[in-house]
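Not measured: the values here are computed from a predicted model. FYI, side chains are in, hydrogens and waters are out, and symmetry mates aren't considered; it's all heavy atoms of this structure.
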Amino acid sequence: MSTTLSSFRVLDLTNVLAGPFACHQLAHMGADVIKVEVPGSGDLARQLGADPDLNAKKMGVSFLAQNTGKRSITLNLKDPEGKAILKSLVETADVLVENFRPGVMKRLGLDYEVLKAVNPNLIYCAISGYGAEGPMKHLPAYDQIIQGMSGVMSITGAPENAPYRVGYPIADTIGGLTAAFAISSALAGRAQSGEGCFIDVSMLESTMATMGWVVSNYLVANKDPKPIGNDNFTASPSGAFKTATGLINIAANKQEQFESVCDAINQPELKIDPRFSERQARLQNRAALTEILEAAFSAYPAEFWEDTLNKLGVPAGRVMTVPEALDLPQVKLREFEAVFEDVEGTKGDVHIARPGFLVDGKRPEVDMPPPVLSEHSDMILSELGYKASDIEQLKEKGVV
């Protein structure tokens with residue numbers, strides 16, 4: 001386990017994806033993450049995923065994917081005793097993360113101003129679709145809604161079939177990464193200032209912030225972004241091309257890389273063809289160039305062209321399925337996949353994707369599998385000073 005954040009405690013009051021994913025990153029960096037869930041039902045993600053049996057057990061695949069390394073306690077935050085327990089936890093915490101709609105925590109009497117009085121050093125991170133201020137702040141927002149509102153869908157797909165959504169919850173994931181980055185930065189800042197802060201993460205703005213190239217092309221060059229399928233709008237040949245056995249992505253963004261492609265297909269005359277001899281001409285004649293290249297690529301499988309082009313200094317890679325990507329020797333060598341054996345509440349072993357980086361040559365990891373709902377309630381309440389008899393009473397009253 002990485003211990004970078006091992007001295008910090010994070011209260012995770014989030015549901016489904018953006019918030020849990022943010023806290024998933026923090027847990028992998030060593031933070032003590034306590035997941036605060038609704039009694040009886042917990043995080044909605046517990047009921048989501050491709051395995052109905054796991055959903056029924058409240059251990060859905062969507063939950064398993066991003067809740068390793070966390071402890072679970074259930075609290076009824078509408079109950080005065082539940083609020084009191086949360087405040088006790090806040091006294092011990094460094095960070096609180098929530099992704100309710102703006103205003104929900106205030107109605108519960110647990111908003112930042114209230115909790116700041118309990119713990120002035122608290123870093124409070126609120127994740128929402130549109131942010132805590134503005135005319136859209138109260139609107140519900142899910143990943144696909146944000147993909148559409150941000151402009152992502154308008155530039156995804158080919159001209160004849162766009163708009164398309166990205167094939168995984170990219171807006172939720174970006175929102176989570178943005179929150180994790182902001183929280184980590186705030187913790188570093190607090191070490192100097194000694195003060196907590198309120199972090200307001202907008203999924204809409206987080207997603208748009210990652211669209212810098214297309215946004216800037218509009219803002220600076222007044223070019224309205226359009227869908228162009230698998231082509232790269234900055235260069236040609238750069239995109240996905242048909243081979244004898246599927247597609248290969250090629251990024252020949254430099255003049256010398258284009259010329260290497262010409263050599264690879266044994267057509268050096270293309271280097272001086274006025275349609276293709278310089279960058280802008282290749283962009284204007286992209287379709288003609290693609291037709292020539294794909295005719296040549298059809299002679300050999302994608303693996304051949306991947307190897308040949310990379311050896312010539314032209315970035316190239318097959319278009320793979322998810323199972324194929326997970327089976328890559330490169331991915332296996334770097335231990336991207338974690339396995340937890342005989343996880344309670346599941347059918348056995350659980351395979352999880354780890355964060356995409358190494359620290360001092362080691363992949364960040366956690367030593368706890370995703371928790372069963374309320375698995376650690378007794379432990380956490382005991383840490384706060386509650387006796388066994390008190391805990392039983394809280395359970396009987398539905399507080400935990």
Side-chain angles (χ1 to χ4, degrees), residues 50 144 147 151-171 173-174 210-211 213-214 217 225-268 270-271 273 275-276 279-334 336-337 353 356:
Q144 183 150 353
Q147 285 200 37
V152 166
M153 289 177 63
S154 75
I155 56 171
T156 303
E160 63 271 17
N161 58 28
Y164 263 119
R165 65 180 291 275
V166 177
Y168 76 100
I170 190 170
T173 303
I174 290 172
T210 67
M211 299 166 63
W213 280 20
V214 293
N217 274 341
K226 301 292 184 183
I228 56 173
N230 290 323
D231 289 327
N232 183 325
F233 61 85
T234 65
S236 175
S238 188
F241 299 85
K242 296 176 184 177
T243 72
T245 58
L247 294 175
I248 184 170
N249 278 316
I250 299 172
N253 296 329
K254 300 178 181 179
Q255 182 67 25
E256 59 266 31
Q257 291 170 338
F258 163 67
E259 294 178 0
S260 292
V261 172
C262 298
D263 293 335
I265 64 173
N266 198 29
Q267 296 190 47
L270 296 179
K271 300 177 187 178
D273 188 315
R275 295 175 298 169
F276 315 128
R279 185 186 193 90
Q280 197 60 36
R282 288 195 295 277
L283 282 173
Q284 293 173 352
N285 296 283
R286 182 195 296 273
L289 180 56
T290 295
E291 184 177 354
I292 293 170
L293 294 178
E294 289 190 334
F297 292 153
S298 67
Y300 296 100
E303 292 89 341
F304 170 85
W305 293 113
E306 178 183 85
D307 181 61
T308 299
L309 292 169
N310 278 310
K311 285 180 178 177
L312 291 172
V314 180
R318 286 162 287 160
V319 175
M320 309 183 82
T321 65
V322 171
E324 288 171 340
L326 289 170
D327 200 43
L328 282 170
Q330 174 74 18
V331 174
K332 290 184 176 297
L333 174 69
R334 288 169 61 87
F336 172 72
E337 182 180 332

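A ring pair (Phe, Tyr, Trp, His ring centres under 6.0 Å) check over residues 229-258, counting only residues at least two apart or in different chains, returns nothing. Residue pairs meeting the salt bridge (charged side-chain N to carboxylate O under 4.0 Å, His left out) criterion with at least one member in residues 305-317, sequence neighbours excluded, are E306-R318, D307-K311. A salt bridge (charged side-chain N to carboxylate O under 4.0 Å, His left out) check over residues 235-255, counting only residues at least two apart or in different chains, returns nothing. Among residue pairs with one or both ends in residues 152-161, none qualify as salt bridge (charged side-chain N to carboxylate O under 4.0 Å, His left out); sequence neighbours excluded.
Taking all atoms of both residues into account, the shortest heavy-atom contact from L289 to S236 is CD2-OG, 3.7 Å. Scanning all heavy atoms of the two residues, the minimum distance from A281 to F276 falls at CB-N, 4.4 Å. The two atoms that bring T156 and A162 nearest to each other are O-CB, 3.4 Å, heavy atoms only. Contact record, A240 with E294: O-OE2, 4.3 Å, taken as the closest heavy-atom pair. Minimum heavy-atom separation, P159 to P227: CG-O, 3.3 Å.
When atom types are taken as modelled, the side chain of R279 and the backbone of T234 share a donor-acceptor pair closer than 3.5 angstrom. Remark: side-chain polar atoms of T245 are not paired, donor with acceptor, to backbone N or O of P301 under 3.5 angstrom.
A 4.5 Å side-chain heavy-atom check between Q257 and P315 finds at least one atom pair inside the cut-off. Side-chain contact between K271 and D263 is present, with at least one heavy-atom pair separated by less than 4.5 Å.
With a 6.0 Å radius and a threshold of 12 heavy atoms from other residues, nucleotides or ligands, N161 has its CG atom above the threshold.
A search for ring pair (Phe, Tyr, Trp, His ring centres under 6.0 Å) contacts involving F297 returns W305, not counting sequence neighbours.
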Sequence neighbours left out, cut at 3.5 Å: what donor-acceptor pairs do the side chains of residues 320-330 make with other protein atoms?
| residue | atom | partner | partner atom | Å |
| --- | --- | --- | --- | --- |
| T321 | OG1 | E324 | N | 3.2 |
| T321 | OG1 | E324 | OE1 | 3.4 |
| E324 | OE1 | T321 | N | 2.8 |

